2 protein chains.
Amino acid sequence: MAKAERIRIYDVARVAGVSVATASKALNDTGRMTDATRQRVKQTAAALGFRPNAMARALTQQRSFTIGLLTNDTYGRFTLPVMAGINEALVDHGVSVFLCGIEDDAALAALHVDAMLDKQVDGIIATGKRIDRRLPVDLSGLQVPVVYAFTEGPDDAVTLVSDDEQGARQATEWLLGRGRRRLAHVTGPQSFASVTARARAFSAVAGADAAIVYGPWSEAWGHEAVAQFWSSDATRPDAIFCGNDQIARGVVDALRERGVAVPEDVSVVGFDNWEIVAAATRPPLTTVDMNLKELGREAGRLILELAEGKPVEPGVRKLPCKLVVRQSCGGDALAPRNKGEALQEV
Amino acid sequence: MAKAERIRIYDVARVAGVSVATASKALNDTGRMTDATRQRVKQTAAALGFRPNAMARALTQQRSFTIGLLTNDTYGRFTLPVMAGINEALVDHGVSVFLCGIEDDAALAALHVDAMLDKQVDGIIATGKRIDRRLPVDLSGLQVPVVYAFTEGPDDAVTLVSDDEQGARQATEWLLGRGRRRLAHVTGPQSFASVTARARAFSAVAGADAAIVYGPWSEAWGHEAVAQFWSSDATRPDAIFCGNDQIARGVVDALRERGVAVPEDVSVVGFDNWEIVAAATRPPLTTVDMNLKELGREAGRLILELAEGKPVEPGVRKLPCKLVVRQSCGGDALAPRNKGEALQEV
DNA sequence: GAGTCGTGAGAAACCGTTTTATCAAGCGTG
DNA sequence: CACGCTTGATAAAACGGTTTCTCACGACTC
């Protein structure tokens, strides 16, 4: 099969019996001409299967319909849904995404950014695996707009993060709503901004005397925390809100091994809604979903507006989390309003 | 800070006191000129911070230094390492990657492919979550080269897959090498080509009478399989080779709950080396790594050669797996030669 | 019937680079 | 000293579109 020569606007013009200029204007719905002419050109183009060369187009217009996505999460559970959301928001506008994984390597990052700039991207979205860390590259002062999603940016930048406090509040209120009264919070290292934000919200709702313990983001830490709590009758909670799903899984496993029934004796809530962990836990975890895909969609929308020159208010935008109810807290009679939707997404 | 105008080759030429043509040739090490002139132009370009406009360049040359990556794995554990490998192979050549997630949606796929073609990609790499399924889009007869990685392509295509049989053989031999004699294989649905390939290799090494049971790819199935085996004294194996790490984790958990010691009483091997599962299992899993990153690197190298017009032999290339030794089989006195390297990558 | 105006369409310039064709100068040669 | 050859450098033509500017023509006005 011979490689079909790609047909150019020149061909369309010739076949339709008009000039190249007229053809261009007809196809872009610009300029003035008879409606008949416009239709004729369009039909000819369709018949010939004409597709404009995006390179040539980008050269004259100031848009390449291309954006760059920079991440240092190669490419873990946080970046993945964010990417999916970005793509979803942009595909309808004919915008393609350059994916660049930079492994906390400043030189590699600079290399990728230069390559993007050379390729005339209309904007750059920076994303990472941690909300309170910056990528190892300076994106300020670039000639293209930048949006930061799930990673820290300069103060005057457009930044999107999930609302950790709101998510933690919702989880805690849910536990209280199920009649639990002795709440505990088992979470990650205090050096994470997310950890302190969630802990703050937990304290505000559960009361200042509710226990909070910090440790690594691992299943093993979940086991250890349970061991600590159950070492004395006085410290045993009837509900445990965990900083992520891995810790929650460790907690649930440890409780089962001790003969403590989940959710009958103790309710457990996780954080992240990491399907593979949350759904495999026995019983499956009720957990907080950070809505990362929606965060990605929003990032896509914003970078698009910026690329089109529309003004976007700089600052940090917090997007709400939602609780996904499974079985680790018991029946769902008191499920929050968004429950149905949440389960659907699972 | 005023947006600095991007400087063009025209500026370089003017400052260096040469024509645009000379400047172009100087910078690309083509054409003929005094070495002094060439150096002067290069220094001027460097001093001015000149970066060529990739769009303009792509218009004249026949290369855009851009490739498209199509995946229906949005974007799970298989595509991720493959992508990382591809990027790694291409970044040094100044090639950027368009990432397109198509959710088994033929219309979306066609949309993305058209967008890629419009953007003059130099090639397309198709990848997926399953080695024996095709993407819902026909990539044959395109005017750009295509490489299939971890997904099925046409017979006359360039295809890269991991060597399931070799991986399974290595795992099985490893169990025999540790003195185990009653081997069993707990794996996924028989409808997967990977499953039958691994089972075939397992049988060949462990003997035709070694048990093989098929089920879903889940932890729960691991539990259930153990229950079946332990229902009778006659059927209890002393080593279990699992079809993936999730099943293996279910098996290990089930054994522990029954008071069967791993690895003392029973050795367990997984498949996939999915860090998050393999490392969190107690004890951590010895498992087969499909070397997906290397597979991605190879895909990158191949698409590059094809884009440069070099001939590449079509057909299926199988890349070897390697065993990653952790603790679920006991000490590592008999570790295979690649053990050191394997552990390093963990 | 001459002047004005709105309208449809095309010629040409342009985007930023590469590449081809051309050309002037220098240099040895017969 | 005229001739051909090599060499360094440039002008100009691509590449495939968009956009600005110009123009011819018919209708309308007075």
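The shown structure was predicted, so the numbers you read here are calculated from the model rather than taken from an experiment.
The nearest whole Å value for the distance from the CG atom in A:Asp29 to the C1' atom in D:dT18 is 14 Å. In this structure, CG of A:Asn28 is placed 17 Å from P of D:dG16, rounded to the nearest angstrom. Atoms OH (A:Tyr10) and P (C:dG10) sit 14 Å apart, rounded to a whole Å. A:Asn53 has its CG atom 13 Å from the C1' atom of D:dT18, to the nearest Å. Separating the CD atom of B:Gln120 from the C1' atom of D:dG16 is a distance of 9 Å, rounded to the nearest angstrom. Between the CD1 atom of A:Ile7 and the C1' atom of D:dG16 there is a distance of 12 Å, rounded to whole Å. Computed from coordinates, the B:Lys25 NZ to D:dA11 C1' distance equals 11 Å when rounded to whole Å. Rounded to an integer number of Å, the gap from A:Leu27 CG to D:dT19 P is 13 Å.
By the 4.0 Å N-to-carboxylate-O rule, A:Asp11 lies too far from A:Arg6 to be salt-bridged with it. Under the 4.0 Å criterion applied to side-chain N and carboxylate O atoms, A:Lys129 and A:Asp104 are assigned as salt-bridge partners.
Within the structure, every side-chain polar atom (N or O) of B:Thr60 is placed at least 4.0 Å from both OP1 and OP2 of D:dC15.
In this structure, the side chain of B:Arg130 does not engage the main chain of B:Glu152 through any donor-acceptor pair within 3.5 Å. Checking side-chain atoms of B:Asp132 against main-chain N and O of B:Ala193 turns up a donor-acceptor pair under 3.5 Å. A donor-acceptor contact shorter than 3.5 Å links the side chain of B:Asn53 to the backbone of B:Met55.
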- Task: Could you go through the salt bridge (Lys or Arg N to Asp or Glu O under 4.0 Å) check for A:Arg301 and A:Glu88 one step at a time?
- Result: CA-CA 10 Å; A:Arg301 276 193 286 269; A:Glu88 205 171 276; over 6 Å; no
- Evaluation steps, side-chain hydrogen bond (donor to acceptor under 3.5 Å, both in side chains), between B:Thr71 and B:Thr79: CA-CA 7 Å; B:Thr71 175; B:Thr79 295; 3.0 Å; yes
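Side-chain proximity of A:Ser24 to the nucleotides C:dG10, D:dT18, D:dA11 is greatest for D:dT18.
Contact annotation for A:Val18: backbone-only contact, meaning every heavy-atom pair under 4.0 Å involves sugar-phosphate atoms and none involves a base. Within the nucleic acid shown, A:Thr34 comes within 4.0 Å of sugar-phosphate atoms alone, with no base atom in reach, counting heavy atoms only. Looking at heavy-atom distances under 4.0 Å, A:Thr37 makes contact with sugar-phosphate atoms alone, never a base.
Ranked by how close their nearest DNA chain D nucleotide is to the 5' end, B:Met33 and B:Leu59 are led by B:Met33. Looking at which nucleotide of DNA chain D each of A:Arg57 and A:Arg32 is closest to, the 5′-most match is held by A:Arg57.
Over its full length, the helix from C:dG1-D:dC30 to C:dG30-D:dC1 turns its helical axis through 70°, comparing axes from the five pairs at each end and rounding to 10°.
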